[in-house]
Amino acid sequence: MKKGLIALVLLGLVVSVLPAQVLEGSLDRLPDPGHMALTPLEMPPPKMERFQLTNGMPCLLVEDHTLPVIGASVAFQAGGLEDPAGKAGLAKMTAELLREGGIKTASPLAVNQQIDALAAAIEFDAGSESTVGTFHGFKRDAEMLFSLFAEMVRAPRFDTSRFAWLKGQMLAELKEREDQPVHLALRGIQQLLYNGKGLGQLPTPASLHAITLADIQSFAQHYLVPERCVLGVMGDLSLLEAKAYLEKHFGNWPGAPTTSLARKGEETLAKPGCYLKKKAGLGQSVVMAGMTGLREGDPDQMALQVAFLVLGEGKLGNRLFNTIRTQQGMAYVVASASHFRHTVPGVFLAYAVTQGKNTPHVVKSMQSVCQTLAQNGITQEEWESARQAILQQEAFHGASLSNLLAYQMALKLFGQPMNTMHKKLAQLKTLDLKTINETIQRRFRPEQLRFYVLGDAQAFPYQQMGDVVILEQ
Amino acid sequence: MKKNALLCFDYAFAKSIIFLGNLMLGACLAQAQTPVPLQIHQLANGMKIILVEKHSAPVFAACLTFQTGSVNDPLGASGVAHFCEHMLFKGTRSFGLKPGVSAQQEDALLQQADDLWEAILAEKAALAQAAKQQFYSTGKAGAETSPTLIQRQSDLKAVEVSHRGMVKTNAIGHLFEKAGGVGINGGTGADYTAYYISLPKNRFEFYCRMEADRFANPVFREFHTEREVIKEERRMGVEEGEGGRGPLGILMEPLLAAAFPYHPYGRHTIGEMSDLDGLRREEVRRFFTQYYAPNRCALVLVGDLTMKECLPALESYFGKMPRQPDPRPLTTLSPKQRGEKRITVEKAVTPLLYVGWHVPAMGHPDVPALEVLSDLLSKGRTSRLYQKAVEEKALTNAFSTHYGDPGAKWPTLFAAHATVKAPHTTEELEQVLYEALARLEKEGPTQAELDKVKRNAEMDMLKEWENWSEANKLAYSLGVYWALTNDPHGFLRALERVKDVTAADIQRVIRTYFTRQNRIVGTLVRPEAMPASAKGSVQ
């Protein structure tokens, strides 16, 4: 009996933990990796608390008591899209000056000393659609951190000398970017796609020089206000603690009258085709192809995301990568990226970096891969792989507290349903190959792509790329 | 170790890996208050398993680290370690071929390609030899190509096209991605090579099956096309300055060559173009056989796993990889430098300065103080160089320092570098750097500065552990530290050596290593900025 019990326990152990297909001897005979047994995965939805402060500010909390650290974020629905004409970079400079410009009760140096002494981090940045501030630090310093963070948001000093210093920093950064052809090309195609307006209005030395301290103060007063804001907290804080800290430091922040943002919709686009920007001395060209029109919440979004995954966003195995890199050996960097935006149409971009003489070939290959996708759609095998990949990767959704919080805060900020991820996955499960390929035909139009090539025109016969518009130097 | 010393298989410039910055110090200091609970196991074949349980989500990160890197590149075959890493993404005997294609059919074509490549190399060598003879006998330059060479090259292309028809392109990426894998990549450094990915936890056996197969039965297919990819990678990082180190990448190849005569740290991990052009598939295969072995490998796992549930699959797959004899250890060192070296590279980009001082390898008692020194100088907005060079004098947007460039397993460099903000000069940057060191050497850091550095280092560690986006980084850090120290606990134990660093230690290491004779100074300058005497031909 005793022996039998041990055997039973051992048997139980074997059944529960041994791999489904035990190997013998060597590694010559292995199970088919595509058909290995799989235990179902429990993916409990991430726990998140939502509440409101007395002044109406919406708040989110992701609790995690594993480590004695905390973080908080503040997000405003205002960003680079609110930059006035001729002052591109204002939102970004405002965000940076929130961090660098001190607070009413302390100089910039004193603020930095306090942050570094606490081993904390506080940063602010502005994207096109939003401005975000975050802090991270030890729980034991929570009161000091919330206090400092709130003061930076609510009572920035915008120190004059720091403003001048920051402008110098941003100008130098812009200058250094000129050394990086990929960044130059990215700027170029953005300007091309949006005709230099909206998302295509990018900071230049002239626009940075034009920004005054009064512009920054005005931007902050007008846009960085509680009515446009969502707060988030994460880490080693209970709901009670989070509410108490946020209420104390943000709950009495008085509201200000706001107007709705006058964001532009579709811009008038440069006509489709191939554009060349010559830059002498470049050993490699940057090839980019882009289109606009991607909106978060678009009914076609999941079908397009599947198509883009197959085309260029799958890691180590998408059509652009397989063709231009693996089969042709023409590029080390080749992929695509898509950005579905909340309030304005975002972009799809395909890109590659290749030695000068290969440039026309890479342009043609990229065109060909895009045309094949548009004409033939994706295959059943590709659809099945993409579907599996997206569903399986859902396991990572709650793995990063900061990513989870940022994602949910963005949904709240832009008025999207908080169960958007769940809805997208449900949408994915109802998709089929026919629908995806119909969507590709309807929405992905290679003849509408704008190709932007940055390279040394002496190194390749650019006439081989077809009708090329030479962009002015 | 610095992230940028690493060459990556990563193809997405927008997502280039960000690893290892100041990780050593950060990791170490954390232990006193918040130890990372490591579980260690060794398989019978010598392979180490390092596990950190983290049950916040049903996923795990895995990093397979091998104790080999570009220091093991043989003479004449620079870049072979990195090339080998690329080849290990090409599939195995059991995946990578289309249905109906046999291994024998593939082997025959691969052999044909190898033979043709050998013939091409022989023809090129013969042409070069004939050209020399022709010049000396006739005074005319010889031919660079020949009908035979053209024919062989054409034949090789034809064989490659036939072979491509057999191959399931990028099967490994396809299989991992379909299984929910994220962040698959590999990286080759001077001292180590790592392969990493994150997966849902129910794919653990799948992971073991895939990776054990990859490192037991790889097929080095698509070799010649991949050579072109690697050459593009080299152009991007070393020639154009668009890689992970930006324009600094342009300066590093000549600078390291000057800093490390004899020692392989003097050769760039990606390899010289002429070596890449001549590399044979067999040489990569030989490198793999010699240096990839379970007894030179650690698998680091961070995630929703337990050692108990992992061991059966680990034994069943990785346990079957045979132990290999240790290769001949590297014993070559560079001779002691006896005077300042200066390197200038001309390129039309923002000028930059790099200063490196020769310092000892990890394991030397002075290394912890060097790591603390780096943080005192450049970590955070209140660090000494940030305060002086970035804020007060506005000479640059960032001044970086770190211990261990390009590696840390052998005597290496303590590096300081920054780009110059117009209208300032690299000379001004140099001056600020030397003054900061002189002042630290004279006065020592304050206790508040030392405390700040240690607290921030603890926080860095917690950040790695706290968030999933950092979990891969934690796995990577643990693996790298093991590769450098040969101690699975190396990542954490170094704390005991670092936390006791005193102001006097900082002063002592500055006195010992930061001398003029012991440094190499590199500058990247615009050609038009060179003095007139340096332009043109002979002056």
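In what follows, chains carry the letters A, B, and so on, assigned in the order in which the sequence lines appear, proteins first and then strands, with residues in each chain numbered from 1. In this text the structure is predicted, and so the values were computed from the model without any measurement.
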>> Between Gln388(A), Gln169(A), Gln392(A), who has the most heavy-atom pairs with chain B when the cutoff is under 4.5 Å?
In response: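 Most pairs with chain B among the choices: Gln169(A).
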> Would Gln393(A) and Val59(B) satisfy side chain to side chain contact (heavy atoms under 4.5 Å, CB included), going step by step from the backbone distance to the final call?
Replying inline: CA-CA 9 Å; Gln393(A) 285 167 10; Val59(B) 292; over 6 Å; no
> Would you call Glu100(A)-Arg381(B) a salt bridge at under 4.0 Å N-O?
Replying inline: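 The answer is yes: the pair qualifies as a salt bridge.
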> Between Lys201(B) and Glu42(A), is the closest basic N to carboxylate O distance under 4.0 Å?
Replying inline: no
>> Apply side chain to side chain contact (heavy atoms under 4.5 Å, CB included) to residues Glu242(B) and Val353(A) and explain how you reach the verdict.
In response: CA-CA 10 Å; Glu242(B) 269 276 18; Val353(A) 181; over 6 Å; no
Would you compute the distance between atom [atom1] of [X] and atom [atom2] of [Y] and round it to the nearest 0.5 angstrom?
X: Leu175(B); Y: Asp32(A); atom1: CG; atom2: CG; result: 8.5 Å
X: Thr66(A); Y: His55(B); atom1: OG1; atom2: NE2; result: 10.5 Å
X: Arg164(B); Y: Thr326(A); atom1: CZ; atom2: OG1; result: 10.0 Å
X: Met210(B); Y: Met36(A); atom1: CE; atom2: CE; result: 9.5 Å
X: Lys421(B); Y: Lys175(A); atom1: NZ; atom2: NZ; result: 14.0 Å

>> Val69(A) vs Met459(B), test: side chain to side chain contact (heavy atoms under 4.5 Å, CB included). Steps then yes/no.
In response: CA-CA 9 Å; Val69(A) 292; Met459(B) 179 54 90; 3.9 Å; yes
Do the non-hydrogen side-chain atoms of [X] and [Y] ever get within less than 4.5 Å of each other?
X: Glu228(B); Y: Met330(A); answer: no
X: Leu30(A); Y: Asn217(B); answer: yes
X: Gln328(A); Y: Thr225(B); answer: no
X: Glu232(B); Y: Arg325(A); answer: no
X: Leu38(A); Y: Phe206(B); answer: no
X: Lys463(B); Y: Leu67(A); answer: no
X: Gln355(A); Y: Glu240(B); answer: no

>> Show the nearest heavy-atom pair for residues Asn397(B) and Ala172(A), with the distance to one decimal.
In response: OD1-CB, 3.7 Å
> Which of the residues Ala179(B), Gly241(B), Gly183(B) is involved in the greatest number of heavy-atom pairs with chain A at under 4.5 angstrom?
Replying inline: Ala179(B)
>> Let's test your reading of the structure: which of Lys452(B), His174(B), Arg235(B), Glu449(B) forms the most heavy-atom pairs below 4.5 Å with chain A?
In response: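 Most pairs with chain A among the choices: Arg235(B).
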Give, as side chain, backbone, both or neither, the part of [X] having an atom under 4.5 angstrom from any heavy atom of chain A.
X: Ala422(B); result: neither
X: Val390(B); result: both
X: Phe318(B); result: neither

> Going by atom types alone, do Asp116(A) and Thr382(B) pair a side-chain donor with an acceptor below 3.5 Å?
Replying inline: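 Yes, Thr382(B) and Asp116(A) have a side-chain donor paired with an acceptor closer than 3.5 Å.
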